[in-house]
Visitor: 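Input: one structure, supplied below.
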Amino acid sequence: MIRTKFIVEKSPPLKGSVKISGAKNSVLPIIAASLLSSGEIVLDDIPTLKDVNVMIELIKHFGAICDFENEKLKIKIDIKDVEAPYELVKKMRASFLVMGPILARLGHAKISMPGGCAIGSRPIDLHLKGFQTLGADITIGHGYVEARAQKLTGKKIYLDFPSVGATENIMMAAVFADGITIIENAAEEPEIVDLANFLNKMGAKIKGAGTDTIRIEGVKELKGVEHTVIPDRIEAGTFMVAAAMTGGNVLIENVIVDHVRPIIAKLTECGIKITEEPKGLRVKGTKNYKALDIKTLPYPGFPTDMQAQMMAMMTVAKGTSVIIETVFENRFMHVDELKRMGANIKIEGRSAVVTGVDHLTGAEVKATDLRAGAALVLAGLIAEGKTEINDIYHIDRGYVKMEEKLKNLGAIIYRI
Ligand SMILES: CC(=O)N[C@H]1[C@@H](OP(=O)(O)OP(=O)(O)OC[C@H]2O[C@@H](n3ccc(=O)[nH]c3=O)[C@H](O)[C@@H]2O)O[C@H](CO)[C@@H](O)[C@@H]1O
Ligand SMILES: C=C(OP(=O)(O)O)C(=O)O
């Protein structure tokens, strides 16, 4: 692996406009869902990300022919395998999303167990409970999960937690099931709606996506379609925070305002001015913003994927913030790195108490995961001197050319 890093220097207030890319967390399940059809799929606004390349590699392993150019991905699949090996699944947890489609299509899937990662142990019990309820036999052994079903039958499935991945995987597994499947306490994230819209265009009969109850009526087959994915609300949120904490004035283009309401609400609460314009959201920052209390929750609550970035912002807020992480049990790996930059943060269980300091100082730090890395970039923009961020391959998983987009806004950042 090539060891690249970001050097970030204290930057002037960010100015200009930035175009948000397609949503990583929509694209990944949608590419997996392409396995459900043998027709041609054309996907638009596909972000050029490491994770997207991993998912493309995975569906190619199953027999897909892919053509990915200029944010357009063409897929044609004649499935030749039911097994996803460890080498491919270990690169990205979202790889496990191929289980539902392969099981639905072939009645048999063998997928390597995804491991935990820096943000938590991340079990897959809810995915498996869903497949079992639909009639699949599940066996686990030698690091693999194997699911087999003569046929899947629609049933009622209650999720103990509104898991995004489990909702998506079960929704995909159920598209060809006999009868009607109802997922209760389903995740309501915009990416679930995007996936349902994509499947419905292909001929699926899914209702209720975006609410806590999703109804899937089984159909016989799905056809090829063209689909444009939604913009990435977390990338949008990250640039909104960058504009806010540098005291900048930035137009965020290609954002669905409803998807970032929880972020707008928090930024507004601490003193940032956000207005809707015909081309996007204008964020006008101030360097004198107030501390905030934040609790991460499933959508429409405050997204856990924005927790680290908001914490970076709160390190220099006026007052003390309490940030509670309820979605993942261990998503505070960025705290020690922010502390290396002078932040005053104390962790108590799932809460972080952040006492605003006068300023941060640049230091050598490392990205421990994707959003932790984004948080360090944000901190670097306001820290005195130079910040050197290692392990930025995590950042490349989920941000398209982050440094170039920031540079266009006047940030001092480069990749070495
Ligand atoms: C590719 C993708 O879309 N990733 C997103 C997705 O991850 P992902 O789909 O993995 O997240 P989930 O919503 O499934 O996980 C939420 C919580 O549920 C737990 N859980 C999940 C499944 C399960 O079978 N059992 C179980 O206990 C997890 O450990 C976690 O504590 O939603 C998360 C929550 O918004 C986001 O942070 C991720 O960016
Ligand atoms: C946690 C994230 O992604 P993943 O679920 O792919 O690890 C994220 O996007 O912040």
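Residue numbers run from 1 in the order of the sequence given. We count ligands from 1, going down the list as the structure has it; atoms in each ligand are counted the same way.
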Visitor: Verify, without hydrogens or angle tests, whether K74 (side chain) and I65 (backbone) share a donor-acceptor contact under 3.5 angstrom.
Guide: no
Visitor: If you measure from the Lys or Arg side-chain nitrogens to the Asp or Glu carboxylate oxygens, is any gap between R415 and E403 under 4.0 Å?
Guide: yes
Visitor: Could you find the nearest protein heavy atom to atom 7 (O) of ligand 2 and give me its residue, atom name and distance?
Guide: R122 NH1, 2.9 Å
Visitor: Any donor-acceptor pair under 3.5 Å linking the side-chain atoms of K405 with those of S21?
Guide: yes
Visitor: Between D137 and R148, does any side-chain N to carboxylate O distance fall below 4.0 Å?
Guide: no
Visitor: Donor-acceptor check, side chain of N169 to backbone of H127, threshold 3.5 angstrom: yes or no?
Guide: no
Visitor: For ligand 1, run through the N/O pairs with the protein that fall under 3.5 Å and put one pair on each line.
Guide:
unit_1, atom_1, unit_2, atom_2, d
ligand 1, 7 (O), R122, NH2, 3.3
ligand 1, 9 (O), G165, N, 2.8
ligand 1, 10 (O), R122, NH2, 2.9
ligand 1, 13 (O), V164, N, 2.8
ligand 1, 14 (O), S163, OG, 2.6
ligand 1, 24 (O), P123, O, 3.3
ligand 1, 24 (O), D125, N, 3.1
ligand 1, 24 (O), D125, OD1, 3.2
ligand 1, 24 (O), L126, N, 2.7
ligand 1, 25 (N), P123, O, 3.4
ligand 1, 25 (N), D125, OD1, 2.7
ligand 1, 31 (O), V327, O, 2.5
ligand 1, 37 (O), D305, OD1, 2.5
ligand 1, 37 (O), D305, OD2, 3.4
ligand 1, 39 (O), N25, ND2, 3.0
ligand 1, 39 (O), D305, OD1, 3.4
ligand 1, 39 (O), D305, OD2, 2.6

Visitor: Which heavy atom of F96 sits nearest to which heavy atom of S112, and what is that distance?
Guide: CD1-O, 4.0 Å
Visitor: Which one of R331, R371, H394 has a non-hydrogen atom at the shortest distance from atom 1 (C) of ligand 2?
Guide: R331
Visitor: Give a yes or no on whether a salt bridge exists between D160 and K129, defined as a side-chain N under 4.0 angstrom from a carboxylate O.
Guide: yes
Visitor: Here's a test for you: under salt bridge (Lys or Arg N to Asp or Glu O under 4.0 Å), which of K366, R340, K5 qualifies with E388?
Guide: K5
Visitor: Suppose I only count heavy atoms of K24 and a 4.0 Å limit; which atoms of ligand 2 are within that range?
Guide: 2 (C), 3 (O), 4 (P), 6 (O), 8 (C), 9 (O)
Visitor: Taking 4.0 Å as the limit for heavy-atom contacts, which would you say applies to I119 with ligand 2: side chain only, backbone only, both, or neither?
Guide: side chain
Visitor: Nearest to atom 6 (O) of ligand 2 by heavy atom, R93, M92, R397: which?
Guide: R397
